[in-house]
Amino acid sequence: MATATATMNTSMMTVPDNSGAVAAPNNSTALATTSGSAGAAAPATGLSTWQTVGMSETLRQVINQPSVRRVLPLIVMLIVLVMFALTYAWMSATPYRPVMPGLQEADQQAAYESLKTADFKPKIDPATGQLTVPSDRFHEARIFLASQGLPKAGATGLDGLKDQSSMTTSQFMEQVKVNAAMEQELARSIMQIGSVQSARVHLATPKQSVFVRDRTPPKASVVLAPYPGRAVSASQVQAIVHLVSSSVPYLTPDHVTVVDNVGKLMTESATEQKLGLTSAQEQHKQQMEEVYRNRILQILTPMVGEANVRSQVNLSLDFTQTESTTEDFDNRDKGPRTRSEVLAEDRAALRSAEGIPGSLANTPPPTPTTSNATGVDANKGQSESNSTLSSRSTRNFELDRTVRHVRNASGGVMKVSVAVIVNERPVPPPAEGVAVDPNAPKSVPYTPQELEQMQQVVRGVVGFDSARGDNVTVVPARFEAPAPLESMPWYLENTVQSSLSSALIAISFIVFMMIVVRPIMRSITAAKAQADEEKAKAAAMADGELSAEDMRMIQIGEGESLEEIKAKLKPKKSSISIDMLDTANTYDDKVALIRMLVAEDSGRVANVLKGMIKVS
């Protein structure tokens, strides 16, 4: 392109004749030469850029077609816009998040159809196969699936044993299947807890012996995975332990172990002591200290201000458990009392032999007439002899007795230690017109009387007892101002980050257009203009309007149309008439004529002088 321009800018001119036309002795030869140069220059300049990028001959022929050249800039612009639109869409794509990891295929299909119907725009992750939804609608999608009753549990747990036949299954395999079903059922029950995302249960149930003393207790272990940002509390762990132990025969809570997903042991034996205290005792101690601390803050806050008091309480609690049994007799000194008395007396008497011998065998014995009083019955008048008397007496006594079984309550307060720090009062503002001393103190300390009053108030709140060694300390101090919160730098905010990414994309688009597209378009446009110029020159030479030397003098401006080029190629009529060329003019007229010739067409004058020099 630069070579062609330099050639066109060279001042070459032929000698004008009397008619003012340009001498063209061999127009056909000039036309052939010009046409050949135009045909050779167009491919060399128009396709030089395309050849550097390795385009094939077929593609070059397609691009050289006039119709393709006309729409080629629009095609390039459209391709560039599509490329940057795709890049921007990829950079600003909505992030997706798995809605419910671990869904079964049936539940996943049902959830996908439900979310698609509700316009949640769900997708299936091709890498993991999980159902994903846009991150900004994650919680909304979970709530929607829960309202639809999804996911629905499949044939797991004990339900999976319904369709299995036991005709060809051994007893061991049946036990294994029952244990697996129990583990799945327990895991499903544990997952009903709100903070548990997933759970796995392992049961170790040995075969029990028929003898009670030879039975081996079963054991269980549970692995929990809480939801992100949540934690399983100690009460929930205890609930899980008792849930598992109550679901398996002969399983005690001490044989259940709970571990979280990072390997932390979450269970603690009831008999295990931590630094001399069980977990329940340590929790009770912390709760009592918190109660005392809140009391101190509530009583001192109205006096010194809400943020001007700090307190800490340390309690020494007695968790010793004592049981005693006491049995007391006759506490009221009333002496023994008769509880029961038994008196027994036996008497036996023999009558003398009287009457007719042998008659005793024929008559029954008479009714006995004996009584407690000894002697002969007066009514009968009969005498007795050989009598025997025996008596027994038993008397039981009882004393008053009191049996007491005493179990002292644990957790009693043995000692209380309280430390309170009170912020000093700020200096009141100076009166109007009074200068502020920069060396003046910033705060006013409390007086000893005020500190004594605060100490007495705190002692009354915590139940101070000097006999057990309680200690209460109130100290004034100057609180430092809290450090200001460090805000996020402006360049790290989401809005700024998104704006920067959009600006980078726009700048990249502009740079790409200026560095790549613009040179290509200029090359294509210049090649097209040069081809049109060569065609116009060839047409002008064919018509005999201009010579080849005049055509080299024509400069083609960027963006000029074909009509403008033809207007340049038309010969200009000379403004010097034939009368002015009369040789009879004066010297001054001839000098003026030469100046007019030079001003009108200096190139031709230079060409005439050049010819005169060659002739001479």
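Note that the structure is a prediction, hence the values are computed from the model and not measured.
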* Structure fact -> Arg295 meets the side chain to side chain contact (heavy atoms under 4.5 Å, CB included) criterion, sequence neighbours left out, with Val291, Val461
* To do: Please name all residues satisfying side-chain hydrogen bond (donor to acceptor under 3.5 Å, both in side chains) with Glu140, sequence neighbours left out, ordered by chain then number.
  => Arg137
* **Residue pairs passing the side-chain hydrogen bond (donor to acceptor under 3.5 Å, both in side chains) test where at least one lies in residues 296-310, sequence neighbours excluded** => Asn308-Asn423
* Under the side-chain hydrogen bond (donor to acceptor under 3.5 Å, both in side chains) rule, collect the residues that match up with Asn294, sequence neighbours excluded. => none
Give the table of side-chain donor-acceptor pairs shorter than 3.5 Å for residues 233-245, with sequence neighbours excluded, one pair per line with atom names and distance.
unit_1 : atom_1 : unit_2 : atom_2 : d
Ser233 : OG     : Ser235 : OG     : 3.1
Ser233 : OG     : Gln236 : N      : 3.4
Gln236 : OE1    : Ser195 : OG     : 3.0
Gln236 : OE1    : Ser233 : N      : 3.2
Ser245 : OG     : Val241 : O      : 3.1
Ser245 : OG     : His242 : O      : 3.1

* Structure fact -> For Thr322, the side chain to side chain contact (heavy atoms under 4.5 Å, CB included) test, sequence neighbours excluded, returns Thr320, Asn408
* **Residue list, side chain to side chain contact (heavy atoms under 4.5 Å, CB included) with Val511, at least two apart or on another chain** => Ile507, Ile515
* **Qualifying salt bridge (charged side-chain N to carboxylate O under 4.0 Å, His left out) pairs, either residue in residues 406-418, two or more places apart** => Glu323-Arg407
* Structure fact -> Residues passing the side-chain hydrogen bond (donor to acceptor under 3.5 Å, both in side chains) test with Gln456, sequence neighbours excluded, are Glu452
* Asked: Ion pair present between Glu289 and Arg293, side-chain N to carboxylate O less than 4.0 angstrom?
  -> no
* **Which residues share a ring-ring contact (aromatic ring centres under 6.0 Å, His included) with Tyr96, sequence neighbours left out** => none
* To do: For Thr128, enumerate each residue passing the side-chain hydrogen bond (donor to acceptor under 3.5 Å, both in side chains) test, keeping only those at least two apart in sequence or located in another chain.
  => Asp125
* Is it true that Glu174 and Lys177 make a salt bridge, defined as a side-chain N closer than 4.0 Å to a carboxylate O? -> no
* Structure fact -> Here the salt bridge (charged side-chain N to carboxylate O under 4.0 Å, His left out) pairs for residues 466-481, sequence neighbours left out, are Arg468-Asp470, Arg478-Glu480
